[in-house]
Amino acid sequence: MNDVPPGTAFENRRAVKDAKLHKESEAGISWGRDGEDERAADAIVLNNGYEDDVDEWHEITYTGAGGQTRNSNSQTFDQSWENKGNASLRRSRLMGNPVRVIRGSQGEAAYSPASGYRYDGLYEIVSDWDEVGRSGFRICRFKMIRLPEDRQDLTSLEQQVKEILDRGEVGAGGDADAQVRRRRATIDRIVRDTAVARRVKTLHRFICQVCSISLQISADGRSYAEGAHIQALGGPEGGPDVDGNVLCLCPNCHIKLDRGALYLTDDLHVVDRFAGADAPRRVPLRTVEGHQVQKRFARAHRRFWKIMDEYGSN
DNA sequence: GGGCCCGCAGGG
DNA sequence: CCCTGCGGGCCC
């Protein structure tokens with residue numbers, strides 16, 4: 001169902017809806033029912049409908065629904081968390097459901113299509129809060145961060161449910177809700193491998209280049225690691241899928257790198273910006289023969305996260 | 001399944 | 001700029 005690749009263009013809202021990317025014909029927030037029968041958002045449209053929206057491509061500060069009279073994009077009264085769209089986005093933030101982002105031609109010029117609409121992939125809602133907006137009324141806010149390219153093939157909320165129904169597991173298992181929850185709990189650990197990632201992981205014998213952990217996943221001594229891109233793939237300024245841009249990392253270090261909590265210095269040390277008192281703040285990157293990390297990707301990663309290297313390189 | 005309400009349309 | 005209209009949710 002969600003086999004539509006990011007970058008796909010649509011003429012109008014009707015076409016977006018027909019492709020099942022977003023259910024509404026006009027509203028910005030689309031939702032469905034999750035495994036616990038709660039409303040959970042699955043998609044948003046970003047089309048300059050709200051004056052407080054901020055779009056920086058990889059990071060979006062979205063405004064919730066409501067607070068304005070039709071056909072105006074300025075706020076005339078307070079928004080509410082009771083609003084179904086706002087509540088559903090909050091629910092997706094809580095449950096970790098990514099949302100599809102569709103950009104319309106009225107949005108931020110640098111990142112929006114010239115006409116019509118474009119599906120731009122999955123974003124994770126990382127926080128929600130409310131504040132007073134530009135016009136002086138309370139608005140609901142959501143910060144969303146684009147999932148890295150190797151996680152863009154995650155199934156959508158509906159597809160998780162649909163797959164279970166299609167397989168007939170509901171009748172057999174008896175507890176559809178539990179199965180949906182179980183899938184959701186594991187789904188964002190699925191990471192697609194490329195040949196480059198496999199080669200780098202094999203060279204490192206699946207040992208994390210940051211924390212040196214070797215995650216044992218079977219009795220025969222096999223271990224698990226992920227190929228992590230330093231400069232993320234895709235997007236307007238995406239990095240390449242080459243050895244020099246890939247690290248062999250454990251899942252914990254991978255997510256920290258993807259979120260900018262870890263960064264690399266020019267002399268290939270790793271800095272944990274939010275390390276606790278008991279954890280090392282700066283460690284050398286583990287190296288092996290035959291795998292050379294290129295510092296230009298470390299620079300691109302720091303630039304992307306607006307990180308000033310406190311240890312000198314920039 | 002009908003009536004009603006609503007909105008980041010769409011077209012003048 | 002204003003006005004019409006459509007589909008989804010949701011209540012009967």
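Numbered from 1 within each chain, the chains take letters A, B, ... in sequence-line order. Just so it is clear, the model here is predicted, and its values are computed rather than measured.
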Exercise for the section: Determine, step by step, whether A:L94 and A:E38 satisfy the side chain to side chain contact (heavy atoms under 4.5 Å, CB included) criterion, reporting the C-alpha distance in whole Å, the side-chain angles of both residues, the deciding distance to 0.1 Å, and the verdict. Expected result: CA-CA 12 Å; A:L94 182 69; A:E38 295 286 332; over 6 Å; no
Check the distance between [N]'s [atom2] and [X]'s [atom1] and give it to me in whole angstrom.
X      : N     : atom1 : atom2 : answer
A:F142 : B:dC8 : CZ    : P     : 13 Å
A:E24  : B:dA9 : CD    : C1'   : 13 Å
A:I102 : B:dC8 : CD1   : P     : 13 Å
A:N83  : C:dG8 : CG    : P     : 19 Å
A:L46  : B:dA9 : CG    : P     : 11 Å
A:W31  : C:dG9 : CH2   : C1'   : 7 Å
A:I29  : C:dG7 : CD1   : C1'   : 17 Å
A:R100 : B:dC8 : CZ    : P     : 17 Å

Problem - No-H, no-angle donor-acceptor pair, A:E26 side chain to C:dG5 base, under 3.5 Å - result: yes
Problem - Pair A:F10-A:D18, side chain to side chain contact (heavy atoms under 4.5 Å, CB included): steps then yes or no - result: CA-CA 10 Å; A:F10 298 90; A:D18 289 347; over 6 Å; no
Practice task
Indicate if A:Y123 and A:L89 have the same hydrophobic cluster label, given that clusters are the connected sets of ILVMFWY residues with side-chain heavy-atom separations under 4.5 angstrom.
Solution key: yes
Tabulate atom names and distances for all N/O pairs under 3.5 angstrom spanning the protein and nucleotides 1-6 of chain B.
none

Problem - Results of side chain to side chain contact (heavy atoms under 4.5 Å, CB included) for A:T61 - residues two or more places apart only - result: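 Counting only residues at least two positions away or on another chain, A:T61 forms a side chain to side chain contact (heavy atoms under 4.5 Å, CB included) with A:V54, A:W129, A:R141, A:K143.
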Exercise for the section: Can you tell me which residue pairs pass the salt bridge (Lys or Arg N to Asp or Glu O under 4.0 Å) test with a partner in residues 275-285 of chain A, sequence neighbours excluded? Expected result: A:D267-A:R282, A:R281-A:E310
Exercise for the section: Could you work out which one of B:dA9, C:dG9, B:dG7 sits closest to the side chain of A:K23? Expected result: C:dG9
Exercise for the section: Decide yes or no on side chain to side chain contact (heavy atoms under 4.5 Å, CB included) for A:L285 and A:L247, but give the supporting numbers first. Expected result: CA-CA 9 Å; A:L285 188 69; A:L247 297 176; 3.8 Å; yes
Practice task
Just need the stems in DNA chain B: three or more back-to-back Watson-Crick or G-U pairs, each with both distances under 3.5 angstrom, sorted by first number.
Solution key: B:1-7 with C:6-12, B:9-12 with C:1-4
Completion exercise
Under a 4.0 Å heavy-atom cutoff, the residues of residues 10-18 of chain A touching DNA chain B are A:N12, A:R13
Exercise for the section: Considering just the side-chain nitrogens and oxygens of A:Y117, establish if one lies under 4.0 Å of OP1 or OP2 belonging to B:dA9. Expected result: yes
Practice task
Answer yes or no: is there a donor N or O on one side and an acceptor on the other, between the side chain of A:D120 and the main chain of A:V101, under 3.5 Å?
Solution key: no
Exercise for the section: Any side-chain hydrogen bond (donor to acceptor under 3.5 Å, both in side chains) involving residues 284-298 of chain A? Give me the pairs, sequence neighbours left out, ordered by first then second residue. Expected result: A:H204-A:H291, A:S212-A:R286
Problem - A:R273, CZ atom: more than 12 neighbouring heavy atoms under 6.0 Å - result: yes
Exercise for the section: Please say whether more than 12 non-hydrogen atoms of neighbouring residues, nucleotides or ligands are located less than 6.0 Å from CD in A:E82. Expected result: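 Check fails, neighbour count at 12 or below.
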Handout entry: Close side-chain approach of A:D55 to A:R103, heavy-atom, < 4.5 Å
Key = yes
